[in-house]
Protein chains: 2
Amino acid sequence: MSETKGPEATTGESPESRTAELRLEKFLPYRLSVLSNRVSNAIAGAYGAKFGLTLPAWRVMAILGRYPGLSAAELVEQTAMDKVAISRAVSALLKSEYLERKEDQVDRRRQMLYLSESGKGVYNRIVPLAKRYENDLMASLTEEERVQLDVILEKLMSRALEWGMHGLASHED
Amino acid sequence: MSETKGPEATTGESPESRTAELRLEKFLPYRLSVLSNRVSNAIAGAYGAKFGLTLPAWRVMAILGRYPGLSAAELVEQTAMDKVAISRAVSALLKSEYLERKEDQVDRRRQMLYLSESGKGVYNRIVPLAKRYENDLMASLTEEERVQLDVILEKLMSRALEWGMHGLASHED
DNA sequence: CCACACAGGTTACATTTGAAACCAATGTTA
DNA sequence: TAACATTGGTTTCAAATGTAACCTGTGTGG
């Protein structure tokens with residue numbers, strides 16, 4: 001079959017010999033990273049060009065479009081982005097008038113965030129664009145595969161999440 | 001069927017009403033990005049701490065471990081990283097003596113790259129580490145799902161690749 | 001009421017990253 | 001063999017990102 005030519009093909013060395021081997025093209029973390037970058041860049045390029053939005057800014061809008069009135073801290077939870085990224089995205093969006101904020105009267109540190117009218121306008125135009133990209137990707141899969149993918153991503157995600165909490169059990173060699 | 005509560009659940013507005021809606025948590029590009037970042041950061045952290053390698057540097061080593069003698073340009077093809085990233089990774093690795101380079105006598109612009117002895121040492125210790133992470137992730141999937149994932153990633157990747165070439169057919173609204 | 005620890009956000013600084021200009025060396029055309 | 005386009009690779013500069021320090025404003029213990 002289409003075995004990509006590898007070192008051992010010419011040396012005859014077995015894959016489990018003393019020498020470690022890694023096929024990057026089949027290495028999951030690598031594949032995820034490449035795929036994710038390609039996809040994100042393509043989409044970010046599209047609305048970046050049209051609306052002058054950065055990817056983090058767009059994410060903030062995406063969340064606020066569905067959950068108006070969230071605070072920055074809550075955005076952090078929802079988006080898995082960090083404090084600073086959110087803060088910067090928000091202040092950019094305030095400057096471009098896509099967002100408005102209201103102080104929470106009971107806790108004066110807290111700022112509630114909303115899409116402005118023009119923000120909603122942009123939101124309503126980007127969402128379909130974003131969906132077109134996603135649909136186009138998904139169109140390359142069968143209905144079955146789309147379901148499988150959902151399940152798989154969920155599992156991988158929750159596994160990876162656990163690393164964040166207690167690292168990978170190390171063999172300490 | 002486990003519809004996560006969304007705005008329309010409370011408003012009774014239909015998903016296909018005038019107002020666009022996007023569920024970020026289910027939006028493929030977003031999920032890929034979050035998963036990929038978590039995974040990459042976890043792993044990069046691990047060997048970054050132990051061997052002082054950046055992620056791009058590690059990728060370069062990963063490739064050269066299997067395909068010694070490649071040039072920077074060829075690394076670009078293999079890794080989907082760009083010229084500059086490769087150039088920097090390589091010069092860092094030369095400085096830390098994990099890499100050696102030989103001028104190609106027939107084309108004197110071209111540099112052939114090899115892992116040094118100590119580079120090979122590092123490589124041989126990182127590969128198992130990397131594999132442990134991957135295995136740990138994969139362990140959360142059934143054997144079937146692993147196969148499915150492989151197929152799906154391949155499809156998504158080739159779709160995304162086409163965007164790079166002739167963009168997404170735009171409706172120009 | 002006065003410390004003190006803590007949560008929400010922002011700012012400052014250092015690093016990383018990417019785009020474009022750049023410097024060879026090579027190939028090509030005439 | 002003189003021009004010119006091309007390719008391998010590096011450098012430069014600006015923008016994006018992450019970390020840690022920092023300023024509020026809130027809660028809590030004494």
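Chain letters run A, B, ... following the sequence lines, proteins first and then strands; every chain starts at 1. Owing to the predicted nature of the structure, the values given are computational and were not obtained by experimental measurement.
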Checklist line | Test log, rule salt bridge (Lys or Arg N to Asp or Glu O under 4.0 Å), inputs Glu103(B) and Arg109(B) | finding: CA-CA 8 Å; Glu103(B) 251 202 6; Arg109(B) 292 168 301 184; over 6 Å; no
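- Annotation: side chain of Met157(B) is not in contact with side chain of Arg31(A) (no heavy-atom distance under 4.5 Å).
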Residues 87-95 of chain A, side-chain donor-acceptor partners within the protein, below 3.5 Å, at least two apart:
unit_1, atom_1, unit_2, atom_2, d
Ser91(A), OG, Ser87(A), O, 3.4
Ser91(A), OG, Arg88(A), O, 3.2

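- dT17(C) atom P lies 11 Å from atom CG of Asn37(A), rounded to whole Å.
- Regarding Ile86(B), its CD1 atom lies at a distance of 15 Å from the C1' atom of dT16(C), rounded to whole Å.
- Residues of residues 52-62 of chain A having a heavy atom closer than 4.0 Å to DNA chain C: none are found.
- The distance between atom CG of Asn41(B) and atom C1' of dT17(C), rounded to the nearest whole Å, is 15 Å.
- At a threshold of 4.5 Å between non-hydrogen side-chain atoms, the residues Val60(B) and Leu113(B) do not count as touching.
- Panel note: side chain Glu162(B), backbone Arg159(B); no donor-acceptor pair is recorded below 3.5 Å.
- Between Leu115(A) and Tyr98(A) there is no side-chain heavy-atom pair separated by less than 4.5 Å.
- Heavy-atom distances under 4.0 Å link DNA chain D to Arg101(B), Arg109(B), Arg110(B), Gln111(B) of residues 92-113 of chain B, given in residue order.
- One atom, CD of Glu74(A), and another, P of dG8(C), lie 9 Å apart when rounded to the nearest Å.
- By the side chain to side chain contact (heavy atoms under 4.5 Å, CB included) test, Glu143(A) is found to be paired with Arg146(A), Val147(A), residues two or more places apart in sequence or in another chain being considered.
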Protein-nucleotides 11-13 of chain C N/O pairs under 3.5 Å:
none

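- Atom-to-atom, CG of Asp82(B) to P of dG8(D) comes out at 14 Å; the value is rounded to the nearest Å.
- Applying the ring-ring contact (aromatic ring centres under 6.0 Å, His included) rule to Tyr47(A) yields the partners Trp58(A); only residues at least two apart in sequence or on another chain are considered.
- Atom CG in Leu70(A) sits roughly 14 Å away from atom C1' in dG8(C) (whole-Å rounding).
- Taking 4.5 Å as the limit, every side-chain heavy atom of Gln111(A) sits out of range of all side-chain heavy atoms of Ser71(A).
- Using modelled atom types, one finds a donor on one side chain and an acceptor on the other under 3.5 Å when comparing Arg59(B) with Ser33(A).
- Remark: the backbone N or O of Ser36(B) is not paired with any side-chain donor or acceptor of Ser36(A) at under 3.5 angstrom.
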